[in-house]
Amino acid sequence: MPQRIMKIVGTPGSPYTRKLIAYARFRHLKHQVLWRHPTKWEDSLPISSVRLLPTIYFEDGAGSLESMIDTTPIIERLENESNHRSTMPSDQVLRFLNDLIEDYADEWLPKAMFHYRWTYAADTQKAGALLSLWHEPSLPDDEALELQKSFAARQIGRLEIVGSTVETREVIESSYVRVLNVLHNLILGSSFLFGDRPATADFAIFGQLSQLILTDPTPAQIADNLSWRLRAWTERLEDLSGVSLDDGQWFERDIAIANIQPLLNEIGQTYVPIMLANFEAIANGESEFELEIGQATWRQKTSNYQGKCISLLRDGFDNLSANDRLYIRDVLDLAKAGSLVVPS
């Protein structure tokens, strides 16, 4: 049966679009990319119930199209359909930790991306212009400027929704610098998080860094001042279609844990307490939550989607063997993140 072609509707300014395209390239999956501005759509495609980028359309043998959003279940579906050049570690402990890091990249790092892009004038000006021109580079100047202004105004108005405020600026920016340092040191020891081949978490991190390091001037300058290695790693992740997996093995469990433990420690400082506070607020029927992170007060409206992320991680943890659960608890307890999987 011939491989189905998936259509990826997205924009270069979407970290999740870049994540999925890089993933598809590495796995040699047949795909077509349709570049779209977030406010525009392709009339010939079925209307998705939620218009988010990327939206993926799977084509069946009869030519019908089925839409999906959210890169995590999309990748899970693709992995279940074929294990050719799989990005899922075979060890179940490592697979769970890969899922956790992917979620961190998808749910926490966007706070830094969104914060820098729509807080600093140079970043806002560049992103607003590019977002209007990525869809159509030949767009007349007056139309491009109008789109730039309207889109920037809308995004700036959403800063508080993702938690970016004057009070939380230091939390977000200091976390960004720490994770850059962690990734710099990690890359010194290995090309990827879990072995000699990329996992889904690598592509999730790449997606965010494609904006933070390759696109937006303020976070890019911070990264360049710290490590050219991170720029090189990010640019290479864009297209790993030519990477041979003849010798590309996953690390043994203990080696992999030693490699990612500093990253897990960083996850335990920010992502875990904020995600848990959001989860508990939803359970209590509250519309916002507040907690202390370092010396700052983090205040944000609750996110049902991020609450679902915690539930899915806990479900995955519960489905593991007793020995694997104990192993993961020890690893996460070391990172002060054990309550993520087992409520305290």
Side-chain angles (χ1 to χ4, degrees), residues 14-20 22-23 52 54 68-79 87-89 91-114 162-163 172 175-176 178-179 182-183 186 192-194 198-212 256-257 260-280 282 289 293 298 300 302-320 324-325 328-329 331-332 335-343:
S14 158
Y16 304 102
T17 300
R18 300 283 280 271
K19 168 190 175 182
L20 193 60
Y23 166 83
L52 292 176
M68 283 187 71
I69 58 172
D70 192 341
T71 55
T72 298
I74 289 169
I75 288 174
E76 183 177 1
R77 170 175 173 169
L78 292 168
E79 293 282 339
T87 61
M88 298 292 192
D91 183 299
Q92 293 303 302
V93 165
L94 300 186
R95 181 163 181 166
F96 175 82
L97 294 173
N98 171 63
D99 290 345
L100 168 58
I101 295 173
E102 180 183 5
D103 199 66
Y104 163 79
D106 284 347
E107 302 304 324
W108 173 260
L109 291 183
K111 295 182 186 299
M113 190 279 291
F114 206 86
V162 301
I172 294 171
S175 174
Y176 174 61
R178 288 196 307 272
V179 77
V182 167
L183 292 173
L186 189 152
F192 306 109
L193 296 176
F194 292 95
T200 57
D202 291 282
F203 289 112
I205 291 171
F206 155 76
Q208 303 302 322
L209 295 189
S210 73
Q211 309 304 306
L212 287 160
I257 296 301
I260 64 170
Q261 189 68 57
L263 181 55
L264 295 176
N265 294 344
E266 171 58 29
I267 289 172
Q269 289 191 57
T270 50
Y271 161 90
V272 170
I274 289 174
M275 292 287 278
L276 288 178
N278 174 74
F279 186 80
E280 292 167 6
I282 292 172
F289 63 94
I293 297 288
W298 186 283
Q300 185 180 343
T302 54
S303 164
N304 288 329
Y305 180 82
Q306 292 185 345
K308 178 182 176 183
C309 291
I310 295 293
S311 294
L312 290 173
L313 284 170
R314 287 180 173 175
D315 288 345
F317 177 81
D318 291 341
N319 289 331
L320 295 171
D324 286 350
R325 292 198 301 271
I328 290 171
R329 276 300 304 273
V331 171
L332 293 184
K336 298 181 180 180
S339 55
L340 183 71
V341 292
V342 178

For Thr71, the option from Lys19, Glu102, Glu76 that meets side-chain hydrogen bond (donor to acceptor under 3.5 Å, both in side chains): Lys19
side-chain contact (heavy atoms from CB on, under 4.5 Å) between Phe317 and Val342, worked out: CA-CA 9 Å; Phe317 177 81; Val342 178; 3.7 Å; yes
Looking only at heavy atoms, which two atoms of [X] and [Y] are closest? And how far apart?
X      : Y      : answer
Glu266 : Ser175 : OE2-OG, 2.9 Å
Ser311 : Phe279 : OG-CE1, 3.4 Å
Met275 : Ile310 : CB-CD1, 3.7 Å
Pro273 : Gly268 : CD-O, 3.4 Å
Leu276 : Ser339 : CD1-OG, 3.2 Å
Cys309 : Asp103 : SG-OD1, 3.4 Å

side-chain contact (heavy atoms from CB on, under 4.5 Å) assessment of Ile205 paired with Tyr104: CA-CA 9 Å; Ile205 291 171; Tyr104 163 79; 5.7 Å; no
How many angstroms lie between atom [atom1] of [X] and atom [atom2] of [Y], to the nearest 0.5 angstrom?
X      : Y      : atom1 : atom2 : value
Thr72  : Glu107 : OG1   : CD    : 7.5 Å
Trp108 : Met113 : CH2   : CE    : 14.0 Å
Asp99  : Ile75  : CG    : CD1   : 10.5 Å
Leu94  : Asp324 : CG    : CG    : 9.5 Å
Tyr176 : Leu109 : OH    : CG    : 9.5 Å
Leu320 : Gln92  : CG    : CD    : 6.5 Å

side-chain contact (heavy atoms from CB on, under 4.5 Å) between Ile257 and Leu97, worked out: CA-CA 9 Å; Ile257 296 301; Leu97 294 173; 3.2 Å; yes
Test side-chain contact (heavy atoms from CB on, under 4.5 Å) applied to Tyr271 and Leu340, step by step: CA-CA 10 Å; Tyr271 161 90; Leu340 183 71; 4.3 Å; yes
Test item: Asn278 side-chain N/O and Ile274 main-chain N/O as donor-acceptor pair under 3.5 Å: no
Do the non-hydrogen side-chain atoms of [X] and [Y] ever get within less than 4.5 Å of each other?
X      : Y      : answer
Leu264 : Gln261 : yes
Phe194 : Ile101 : yes
Leu100 : Val341 : no
Pro110 : Pro15  : no
Thr200 : Asn98  : yes

Modelled atom types, side-chain donor and acceptor of Asn265 and Gln269, under 3.5 Å: no
Modelled atom types, side-chain donor and acceptor of Glu79 and Tyr23, under 3.5 Å: yes
